[in-house]
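Bear in mind the structure is a predicted one, so any value in this text is a computation, not a measurement. For the single chain, residues carry numbers from 1 onward in sequence order. All values below come from the heavy atoms of this structure, side chains included, with hydrogens, waters and symmetry mates left out.
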Amino acid sequence: MLNQNDAPIYEALQKFKRMRVVPFDVPGHKRGRGNKELTEFLGQSCMDVDVNSMKPLDNLCHPVSVIREAEDIASEAFGASHAFFMVGGTTSAVQSMIMYACKDGDKIILPRNVHRSAINSLILCNAVPVYVNPDVNNQLGIALGMSVEQVRKAIEENPDAKAVLVNNPTYYGICSDLKKITEIAHAHNMLVLVDEAHGTHFYFGDNFPITAMKAGADIASVSMHKSGGSLTQSSFLLMGDKINSDYMRQIINLTQTTSASYLLLSSLDISRKRLALHGKEIFAKTVEMAEYARSEINSIGGYYAYSKELINGDSIYDFDISKLSIHTLPVGLAGIEVYDLLRDEYDIQIEFGDIGNILAYLSVGDRKQDIERLISALAEIRRRFGKSKAGMLSQEYINPIVAETPRKAFYADKISLPLEETSGRVCSEFVMCYPPGIPILAPGELITMDIIKYIKYAKEKGCSMTGTEDINIERLNVLK
């Protein structure tokens with residue numbers, strides 16, 4: 001019988017530590033003895049369990065004992081048919097589910113405001129994207145969820161598509177009508193893949209939007225390290241009952257390391273146990289803090305911390321109330337400017353700032369006094385730095401014009417041009433602000449003057465821009 005009190009990987013490591021095994025295997029630091037400075041920095045307990053796969057500890061690529069047992073317990077906790085431990089982050093989970101669904105030339109329906117990992121997957125497997133451009137909230141300037149009718153139209157126009165991918169929730173907390181989209185896709189024999197990176201807590205708390213597994217989706221990628229408390233780079237990949245888990249493991253093993261970190265594996269095991277046993281109370285506290293912060297921030301004036309009032313029954317079908325997403329433009333500051341001020345002037349590190357919004361990520365480890373400090377800092381920033389919003393850009397999302405498949409454009413012959421000279425050309429690389437890692441441009445998309453203006457404005461405001469060969473993003477690679 002499965003027991004959520006058990007943590008098989010953690011327990012096996014504890015037993016292994018008591019065995020006093022002499023290491024003549026990798027890693028070469030030999031339980032920390034060979035790297036004193038690193039051991040002093042990370043601690044002896046950490047170095048003792050930074051070990052290689054061996055019989056007592058199982059092997060992530062082909063688990064038959066403690067890892068397999070941990071997978072079974074995790075699958076029960078998430079309501080999945082199977083759960084894979086992922087040590088390459090949700091990036092590797094997203095890539096695995098797309099490569100499971102799509103082969104060379106297959107179509108996949110997805111929103112354009114996906115994380116770069118999804119488009120990277122298209123480059124790897126040569127799937128053809130059919131983008132559903134999301135609606136945009138013009139007040140906030142953010143992309144929304146997928147409209148049911150837009151998805152239905154894309155499916156009817158592309159009956160040969162193999163899958164539909166849904167972001168649920170988005171970085172800002174917005175959810176699509178996942179159950180309805182799943183029903184429509186399944187009626188047309190398409191798989192439903194869900195990038196649930198920001199939805200770990202949906203599985204363990206009360207009164208959250210529906211989970212991918214409950215909605216009947218086929219595969220979901222879950223970032224346990226985001227709101228679930230595990231170590232950075234650790235995630236779960238969840239399977240519905242129609243998925244061949246044995247074949248999925250083969251897909252995962254195409255790109256996942258053969259030297260899995262037991263620090264990451266045990267953190268997933270321990271965090272799953274904690275949430276399965278105490279998740280309801282943990283996330284009730286998180287929501288309480290988020291609701292309090294929203295109320296206080298909205299009373300400052302200027303800022304808008306948004307929530308369920310945005311729901312429109314379609315492209316905003318539901319909202320994750322644990323998210324503290326805040327619109328900043330009314331105080332005359334871009335989100336990235338508030339982000340920088342919080343860090344540089346107040347020693348507060350939030351998740352991200354973009355052109356018009358910031359996100360303060362609340363989860364299992366937050367405290368009331370930290371919330372108070374954030375609220376006070378935002379009030380002071382408005383008083384000290386607030387100004388007129390005249391002349392500020394507001395739109396976070398620009399609909400792309402797709403000219404080539406991502407793979408063809410990425411590997412095509414290319415030339416480098418100054419940014420100002422690229423209008424009308426087809427981009428062969430990514431341009432994005434990170435976080436959130438949603439591309440402004442992806443390989444195969446047409447560069448327009450609006451996009452060039454947006455890139456220059458984002459650079460001017462201090463957004464962390466990534467994806468290009470030119471680290472300064474003064475030049476772009478385009479197709480010859």
Rounded to the nearest 0.5 Å, what's the gap from [atom1] on [X] to [atom2] on [Y]? Could you check?
X: Glu372; Y: Met289; atom1: CD; atom2: CE; value: 11.5 Å
X: Leu237; Y: Phe78; atom1: CG; atom2: CZ; value: 11.0 Å
X: Glu196; Y: Tyr203; atom1: CD; atom2: OH; value: 3.5 Å
X: Asp6; Y: Ile73; atom1: CG; atom2: CD1; value: 5.0 Å
X: Arg112; Y: Glu445; atom1: CZ; atom2: CD; value: 4.0 Å
X: Asn357; Y: Tyr171; atom1: CG; atom2: OH; value: 13.0 Å

Between the main-chain N or O of [Y] and the side-chain N or O of [X], is there a donor-acceptor pair closer than 3.5 Å?
X: Asp58; Y: Val66; value: yes
X: Asp318; Y: Cys175; value: no
X: Arg407; Y: Asp104; value: no
X: Asp72; Y: Glu69; value: no
X: Asp470; Y: Arg475; value: yes
X: Gln95; Y: Ser121; value: no
X: Asn168; Y: Ser176; value: yes
X: Ser428; Y: Asn477; value: yes
X: Ser53; Y: Asn59; value: no
X: Arg294; Y: Ile321; value: yes

Handout entry: Check against side chain to side chain contact (heavy atoms under 4.5 Å, CB included), Met224 and Leu275
Key = CA-CA 10 Å; Met224 192 70 165; Leu275 295 187; 3.7 Å; yes

Do the non-hydrogen side-chain atoms of [X] and [Y] ever get within less than 4.5 Å of each other?
X: Ser245; Y: Phe84; result: yes
X: Leu441; Y: Leu476; result: yes
X: Ile119; Y: Pro439; result: yes
X: Thr211; Y: Leu238; result: no
X: His186; Y: Lys242; result: yes
X: His225; Y: Leu231; result: no
X: Pro443; Y: Ile123; result: yes
X: Ser96; Y: Met86; result: yes

Mark yes when over 12 heavy atoms from residues, nucleotides or ligands other than [X] sit less than 6.0 Å from its [atom1]; otherwise mark no.
X: Phe208; atom1: CZ; result: yes
X: Asn207; atom1: CG; result: no
X: Lys162; atom1: NZ; result: no
X: Lys459; atom1: NZ; result: yes
X: Tyr317; atom1: OH; result: no
X: Gln369; atom1: CD; result: yes
X: Lys30; atom1: NZ; result: yes

Handout entry: side chain to side chain contact (heavy atoms under 4.5 Å, CB included) between Asn113 and Asn167, intermediate numbers included
Key = CA-CA 8 Å; Asn113 59 322; Asn167 292 335; 4.1 Å; yes

Carboxylate-amine/guanidinium contact [X] [Y], below 4.0 Å:
X: Lys107; Y: Asp160; answer: yes
X: Arg367; Y: Asp370; answer: yes
X: Glu183; Y: Lys179; answer: yes

Problem - Mutual orientation of the aromatic rings belonging to Tyr361 and His198 [parallel < 30°, tilted 30-60°, perpendicular > 60°] - result: tilted

Practice task
Hey, can you tell me if His201 and Phe283 have their rings parallel, tilted or perpendicular (30° and 60° cut-offs)?
Solution key: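 Tilted: the ring planes of His201 and Phe283 meet at 30° to 60°.
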
Under 3.5 Å, is there a donor on one side chain and an acceptor on the other for [X] and [Y]?
X: Tyr292; Y: Glu288; result: no
X: Ser230; Y: Ser271; result: no
X: Asp354; Y: Tyr172; result: yes
X: Glu71; Y: His82; result: yes

If you compare all heavy atoms of [X] against all heavy atoms of [Y], which two are closest, and at what distance to 0.1 Å?
X: Ala276; Y: Gln4; result: CB-OE1, 3.4 Å
X: Ile155; Y: His188; result: CG2-CG, 3.4 Å
X: Phe16; Y: Val21; result: CE1-CG2, 3.8 Å
X: Leu191; Y: Ala101; result: CD1-CB, 3.9 Å
X: Leu60; Y: Pro63; result: O-CD, 3.4 Å
X: Ser235; Y: Leu268; result: O-CD1, 3.5 Å

Exercise for the section: For Phe85 and Phe236, run ring-ring contact (aromatic ring centres under 6.0 Å, His included): C-alpha distance rounded to whole Å, both residues' side-chain angles, the deciding distance at 0.1 Å, then the answer. Expected result: CA-CA 5 Å; Phe85 281 60; Phe236 281 113; 5.0 Å; yes

Problem - Intermediate values then yes/no, side chain to side chain donor-acceptor pair (under 3.5 Å), His62 and Asn253 - result: CA-CA 9 Å; His62 190 83; Asn253 285 340; over 6 Å; no

Practice task
Output, in order, the C-alpha distance, side-chain angles, deciding distance and verdict of side chain to side chain contact (heavy atoms under 4.5 Å, CB included) for Phe430 and Asn120.
Solution key: CA-CA 10 Å; Phe430 289 97; Asn120 283 344; 3.1 Å; yes

Practice task
Any chance you could lay out the side chain to side chain contact (heavy atoms under 4.5 Å, CB included) test for Ile142 and Thr170, step after step, and finish with the verdict?
Solution key: CA-CA 10 Å; Ile142 62 172; Thr170 69; over 6 Å; no

Practice task
Decide if the gap between the ring center of Phe352 and the ring center of Tyr339 is smaller than 6.0 angstrom.
Solution key: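 Centroid separation for Phe352 and Tyr339: 6.0 Å or greater.
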
